[in-house]
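Every number for a ligand or one of its atoms is a count from 1 in the order of the listing. These numbers come from the heavy atoms of this one structure, side chains and all, not from hydrogens, waters or symmetry mates.
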Amino acid sequence: MPKNASAVTKQKPVTVSVIKADIGGYVGHSASHPEILALARKWLAKAKSAGTIADFHVSACGDDLELVMTHWMGNDAKVIHGLAWDVFSKGTELAKKLKLYGAGQDMLADAFSGNVKGMGPGVAEMTFVERRSEPIVVFCGDKCAPGAWNFPLYKMFADPFNTIGLVIDPSMHEGFKFEVHDIHGGRDIFLSCPEEMYDLLCLIGSPENYIIKNVYTKKGEIAAASSTQKLALIAGKYVGKDDPVCIVRGQSGLPAIGEILEPFSFPHIVSGWMRGSHYGPLMPVSVAQATPSRFDGPPRVIALGFQVNDGALVGPRDMFDDPSFDLARQQANEIGEMLRRHGPFEPHRLGLKDMEYTTLPQVLDKLVGKSKK
Ligand code: F6R
Ligand code: MG
Ligand code: MG
């Protein structure tokens with residue numbers, strides 16, 4: 001790609017909205033039913049014909065229905081969020097009819113109120129002016145928490161051992177800015193790398209508490225956006241794992257697509273897996289293999305690659321459907337086996353603090369009468 005590839009060719013900013021929800025599993029929590037996917041495609045095709053959205057792609061990672069949409073209405077557009085809510089509502093009706101497992105699980109509100117954030121579904125969105133060529137990767141996870149992207153986003157945008165462009169490409173050499181969401185403090189913190197790399201790691205090394213929300217170039221151009229919604233904090237109790245999504249733009253002054261995928265060659269350990277209560281390796285898989293079965297896992301991630309062309313989603317390419325990720329899958333199985341052998345013991349099971357939103361406290365309550373001073 002020539003160096004001037006970042007030259008702007010389309011002035012109208014396009015928005016990529018990835019909105020997802022678990023509205024019912026098939027079988028158990030392992031996958032999405034083909035009729036649910038067909039329903040979502042039908043509804044979004046209608047919205048495309050009506051001109052509401054420019055383009056769409058419907059996918060699934062485990063029991064999560066993933067809606068990838070492009071449009072011209074910007075982030076947090078009521079029309080787009082309402083469209084996703086309608087698809088999830090219709091899908092819930094069908095899931096109930098099919099008696100799918102956990103039908104309507106992530107639909108935590110009774111009625112749509114303008115924005116799906118805080119209502120159950122997960123959202124990652126970004127708005128940008130398309131470059132001459134606009135490659136993006138949409139990551140979707142299942143059986144994991146939103147902090148699952150901290151490690152790979154750090155590697156992509158701040159670690160020269162992952163992204164050689166940070167060292168040898170003058171257009172990336174100055175580094176990137178990170179916006180970190182403090183889940184419990186309800187605030188966002190901005191840190192610039194490489195200057196504040198150690199400060200960044202102080203926070204994001206604790207992915208249950210701090211989540212990378214966005215990454216920007218030093219000039220303020222959006223480079224990555226992730227979903228940061230925590231279902232348990234919305235519902236106040238365990239209602240399934242958050243199973244996050246993330247959008248990353250690549251090439252020409254941003255990490256190359258290969259540098260964006262590279263962090264997933266190491267199946268880092270995330271919280272989630274069975275009952276959202278265990279640590280397990282994040283296994284990079286093809287869309288066809290995104291059907292967690294062993295102990296409801298191990299956690300999965302898929303990578304959908306698109307070229308965005310005047311709002312059209314050219315693709316996807318199933319980026320982890322590649323033998324170069326076989327070793328990561330093998331290692332994930334080995335790490336998974338090692339952790340599984342711990343059974344109900346930590347550190348396979350989450351620490352007590354992170355178990356607060358699971359069903360464990362109800363069991364512990366029963367022990368109260370049995371204690372003696
Ligand atoms: C993990 C997940 C599953 C369920 C498990 C028990 O995110 O959704 O591991 O937690 O299958 O489900 P219930 O309690 O519905 O029988
Ligand atoms: Mg489920
Ligand atoms: Mg799920």
Checklist line | Donor-acceptor side-chain pairing of N115 and H81 below 3.5 angstrom | finding: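 There is such a pair between these side chains.
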
Counting both backbone and side chain atoms, is some N or O of [X] under 3.5 Å from an N or O of ligand 1?
| X | result |
| --- | --- |
| D296 | yes |
| R275 | yes |
| D63 | no |

Note to self: My understanding is that only residues two or more places apart in sequence, or in another chain, count here; which of them pass side chain to side chain contact (heavy atoms under 4.5 Å, CB included) with F266?
What the structure shows: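 F266 satisfies side chain to side chain contact (heavy atoms under 4.5 Å, CB included) with F151, H268 once adjacent residues are dropped.
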
Note to self: Does anything in residues 210-224 form a side chain to side chain donor-acceptor pair (under 3.5 Å)? List the pairs, not counting sequence neighbours.
What the structure shows: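 Output for this query lists E179-N214, E179-Y216, D188-K213, S192-K218, E195-K218, N214-Y216, E221-R249.
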
Checklist line | Any pair counted as side chain to side chain donor-acceptor pair (under 3.5 Å), so long as it reaches residues 284-293, sequence neighbours left out | finding: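 Residue pairs passing side chain to side chain donor-acceptor pair (under 3.5 Å), neighbours aside: none found.
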
Note to self: Need the atom name: nearest N/O/S atom of D142 to the Mg ion (ligand 3).
What the structure shows: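 Result for D142 and the Mg ion (ligand 3): OD1.
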
Note to self: Nearest N/O/S atom of D243 with respect to the Mg ion (ligand 3), by atom name, please.
What the structure shows: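 Result for D243 and the Mg ion (ligand 3): OD2.
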
Note to self: I'd like to know if the side chain of S206 reaches the main chain of C202, judged simply by a donor and an acceptor atom lying under 3.5 Å from each other, with no hydrogens or angles considered.
What the structure shows: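 It does not hold such a pair.
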
Check: With a cut-off of 4.0 Å, which atoms of ligand 1 are near a heavy atom of Y101?
Finding: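 In order of number, 13 (P), 15 (O), 16 (O).
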
Item checked: Residue K143 vicinity, atoms of ligand 1 by number, heavy atom under 4.0 Å ->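 This gives 1 (C), 7 (O) as the contact atoms.
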
Checklist line | Heavy-atom side-chain contact between E337 and E334 under 4.5 Å | finding: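 Answer no - side chains too far apart.
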
Notebook entry, point to check: Are F128 and M126 side-chain neighbours, meaning at least one heavy-atom pair lies under 4.5 Å?
Noted result: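 They are in contact (side-chain heavy atoms under 4.5 Å apart), so the answer is yes.
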
Checklist line | Passing option when H348 is tested against H278, R341, R340 for side-chain hydrogen bond (donor to acceptor under 3.5 Å, both in side chains) | finding: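 That would be R340; it is the only one of H278, R341, R340 passing the side-chain hydrogen bond (donor to acceptor under 3.5 Å, both in side chains) with H348.
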
Note to self: I'd like to know if K20 and D64 make a salt bridge, using a cut-off of under 4.0 Å between side-chain N and carboxylate O.
What the structure shows: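 Result for this pair is yes, salt bridge flagged.
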
Notebook entry, point to check: Is it true that D310 and K12 have a side-chain N and a carboxylate O under 4.0 angstrom from each other?
Noted result: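 Between K12 and D310 there is no salt bridge, as every charged N stays at least 4.0 Å from the carboxylate O atoms.
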
Next item on the list: Could you name all protein N, O or S atoms found under 2.8 Å from the Mg ion (ligand 2)?
Entry: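 Checking every protein N, O and S atom gives D22 OD2, H29 ND1, D63 OD2.
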
Notebook entry, point to check: Where's the contact between H29 and ligand 1, heavy-atom distance under 4.0 Å: side chain, backbone, both or neither?
Noted result: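 Answer for H29: side chain.
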
